[in-house]
Amino acid sequence: MTELEKLKQELKKLNTGYAKIHEIPAEKRGEFGRELNAKKMAILEQIRKAEEAAFDVDVEAIDVTAPCGVNEPLPEFYPVSNGSRHPLMTELDRVAKIYQMMGFDVMESRQLDDEFHMFDSLNFAKEHPARDGYDTFRTEEGLIPPAHTSTMQHRVLKAYKNRLEQGKEIAVVVPGRVYRNEDVDATHEHTFYQCEGVYVSKDCKLSDMLGILREFFEKYYEQKLNIRTQPGYFPFTEPSLEFMIEKPKALGGKKGDFLEMLGCGMIHPNVLKMAGIDPEVYHGFAWGGGIDRLAMLRYGLKDVRYFESGNLNFLKEFK
Ligand code: DAH
């Protein structure tokens, strides 16, 4: 008999003692009860300790990752579930590949940035209300998880500036993860993905950008598309546009059903100047838009929250 079993038996015996209380003369019952209670408390405490000790041993003995008991032979077949790539990573690659085929370099964005790259380098004037348009998170040290991939524009311009001196152009895309302090709902997430594009040369024009974007979206959705632009406002572009595509029939769209896919425009001379590029000589355009949104339309998803949900049934659909 184990120590624990012995204690439990003792407790049982003790409990039968309570049944005898009516046989005790009334004046002695109080003392009898107190003694019995004290013994019971002591045994219960011993039991608790013994159980704790036994539990410790058991926990160490179990290998929860083992497919069967440690001393049993392996079963001939046991179900294995391999993980899979997150659908957004697949989309990110697909987006980057299309731009690569069009001659763009790919540079990775970062997960933590600073005030300069988030705002100053993008021509946001100090105290300008446009800064409030980006619901940024901040760390206690004042760093910023980027609210858009545009934080990389200044780095791209500086890193590739020598190409201009060689008489070539800058053509870079930057896919990356971005963060916003959003009220989360079916179309807004606090964490999502964007792809930024930056192009600079001596003689590029807004119409070149529209051609590049049309080409990208037609490759991505594998069909001809109608496009439209409308005026927008971003401190880092002048003029600024919102780029829209007509929702394809095959994806449930009706005529005139235009969706805003990204923000874009001619790079503001101040942004070029800050990176040491002469805006009198060179011109550029840039754009940036959400990848989650692209994928939602492609797969007919109604709720962006699936992507960050960790829901295995959802993820298995993309295996
Ligand atoms: N960064 C902007 C946003 O997330 C989108 C954008 C607009 C990017 C214009 C650009 C641009 O590069 O030129 O709202």
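If you read the sequence from its start, that first residue is 1, and numbering goes on from there. Remember, it's 1-based here, ligands and their atoms both numbered in the order they're listed.
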Quiz item: Transitive ILVMFWY cluster of Phe137 at side-chain heavy atoms under 4.5 Å: who else is in it?
Solution: Tyr179
Quiz prompt | Salt-bridge criterion met for Glu5 and Lys8 (N-O under 4.0 Å) | solution = no
Quiz prompt | Salt bridge Glu215-Lys219, side-chain N to carboxylate O under 4.0 Å | solution = yes
Quiz item: side-chain contact (heavy atoms from CB on, under 4.5 Å) with Ser150: which residues, sequence neighbours excluded?
Solution: Leu122, His148, Gln153, Glu196, Phe236
Exercise. Establish, yes or no, whether a centroid distance under 6.0 Å links the rings of Tyr299 and Phe318.
Key: yes
Exercise. Not counting sequence neighbours, which residues clear side-chain contact (heavy atoms from CB on, under 4.5 Å) with Asn123? List them please.
Key: His268, Asn270, Val271
Between ligand 1 and the protein, tabulate every N or O atom pair separated by less than 3.5 Å, reporting distance only.
from, atom 1, to, atom 2, distance (Å)
ligand 1, 1 (N), His148, ND1, 2.8
ligand 1, 1 (N), Ser150, OG, 2.9
ligand 1, 4 (O), Arg180, NH2, 3.0
ligand 1, 4 (O), Gln194, NE2, 3.0
ligand 1, 12 (O), Gln153, NE2, 3.0
ligand 1, 12 (O), Glu196, OE2, 2.6
ligand 1, 12 (O), Trp287, N, 3.2
ligand 1, 12 (O), Trp287, O, 3.4
ligand 1, 13 (O), Ala286, O, 3.0
ligand 1, 14 (O), Tyr134, OH, 3.3

